Every structure is written in C-alpha cells, then in structure tokens.
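A quick write-up on the structure given underneath.
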Amino acid sequence: MKAKFLPFLLLAVLLQVSMFSFADEMISAREIRLKNKTKVQHRSIPVTPEAFIENSLLSIDFLSTVPTVTVIIKDAETEEVVYTSTDLNVDKVYIDLAGEDKGKYTLEIQLPKEAFIGDFELD
C-alpha cells in the first residue's frame, strides 16, 4: 500500500509545483482593453482580438487566422509612430518593444473590415 501511495504523492507534489511556476510567469502580463474603432456593418458576432503586454513584449491573439492585419503603435503623448507592421495570414503577433522609452502608448489594430484601438503603458 505504501509503495503505491508514495509515487502518487510525489506526482501530486510535482504537479502543484509546476502549476505555481506557470502561474507566476503570467502574473506580470497585463491585458490591453481594445475598443472597436469602426462601425460594425454585418450581422455576425464580432470577434475582438486579445492583446497583452508583459514587460516589453506585446502579444496579440486574433483567436483565428486573419488574412491581413496592420499593427501600429504610437506614443500616446506625441502621436509619433514608433512601430508599424503589416502581416498576412496570422493568428498571433508578437512585438518586442525593448528599445522604446517608458510611458504611455496607443495600439491600433487594422483588420480588413474592422479596426481596434487600445492604450497601454511600458514600465
């Protein structure tokens, strides 16, 4: 009985430790609230992409593959464009903003039929 219980106990402890380490990795990621910039003209349910900033890494998840997307990042105070990119057939986009100054920025996501905007801050 003890021989069967010990491996089970060891497995349970290892799973708990690994779960806490994964949760610790996501603790510093902050969600960027995106607002729809365009008027929706169709009757389907709009899907809003999800954007997160963790340290200097910006990640955008479109929840499905989009044919084309343009991502623009502007300094919120000066309106100066600090990053722009157009990608084809993607479902996720990762942008490293390590060279940018700390402060407030505006994220614009332009899809073929919709556009989204949100603000975030680099620490």
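Keep in mind that what you see is a predicted model, and the values were worked out from it rather than measured.
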Are [X] and [Y] grouped together when hydrophobic residues (ILVMFWY) are joined by side-chain heavy atoms under 4.5 angstrom apart?
{"X": "Val71", "Y": "Val90", "value": "yes"}
{"X": "Val81", "Y": "Ile60", "value": "no"}
{"X": "Ile72", "Y": "Phe52", "value": "no"}

statement: Closest heavy-atom pair, Tyr105 versus Glu100, reported as atoms and distance to 0.1 Å, is OH-CB, 3.7 Å
- prompt: How close do Thr106 and Phe120 get, heavy atom to heavy atom, and via which atoms?
  reply: C-CE2, 4.4 Å
query: Does the pair Ser56 and Asp96 meet the rule for a side-chain contact (heavy atoms from CB on, under 4.5 Å), with working shown?
result: CA-CA 6 Å; Ser56 64; Asp96 188 9; 3.1 Å; yes
- prompt: Rounded to the nearest 0.5 Å, how far apart are NZ of Lys102 and CD of Glu121?
  reply: 10.5 Å
query: Distance from Leu97 atom CG to Asn55 atom CG, nearest 0.5 Å?
result: 11.5 Å
- request: Could you tell me whether the side chains of Asn89 and Thr65 share a donor-acceptor contact shorter than 3.5 Å?
  value: no
message: Can a side-chain donor-acceptor contact be found between Asn36 and Thr48 if the only test is distance below 3.5 angstrom?
response: no
query: Under the criterion side-chain contact (heavy atoms from CB on, under 4.5 Å), which of Val69, Val66, Thr70, Val93 is the partner of Ile109?
result: Val69
Residues Leu34, Ile117; criterion side-chain contact (heavy atoms from CB on, under 4.5 Å); working and verdict: CA-CA 5 Å; Leu34 297 173; Ile117 190 166; over 6 Å; no
message: When you compare the side chain of Pro112 with that of Thr68, does any pair of heavy atoms fall below 4.5 Å?
response: yes
message: Using side-chain heavy atoms (C-beta onward) and a distance below 4.5 Å, is Ile53 in contact with Leu122?
response: yes
query: Does the distance from a Lys or Arg side-chain N to an Asp or Glu carboxylate O, for Lys92 and Asp87, drop under 4.0 Å?
result: no
message: For Glu108, is there an ion pair with Lys74 - N to carboxylate O distance below 4.0 angstrom?
response: yes
task: Determine which pairs satisfy ring-ring contact (aromatic ring centres under 6.0 Å, His included) with at least one residue from residues 67-95, sequence neighbours left out, and list them in order.
output: none
- request: Give a yes or no on this: more than 12 heavy atoms of other residues, nucleotides or ligands lie within 6.0 Å of atom CD of Glu79.
  value: yes
message: Using the rule given for side-chain contact (heavy atoms from CB on, under 4.5 Å), can you reason through Leu58 versus Ile32, listing the C-alpha separation, both sets of side-chain angles and the distance that settles it, and then say yes or no?
response: CA-CA 9 Å; Leu58 175 69; Ile32 301 170; 3.3 Å; yes
query: Step by step, would you call Asp119 with Lys104 a side-chain contact (heavy atoms from CB on, under 4.5 Å)?
result: CA-CA 7 Å; Asp119 295 320; Lys104 295 184 179 184; over 6 Å; no
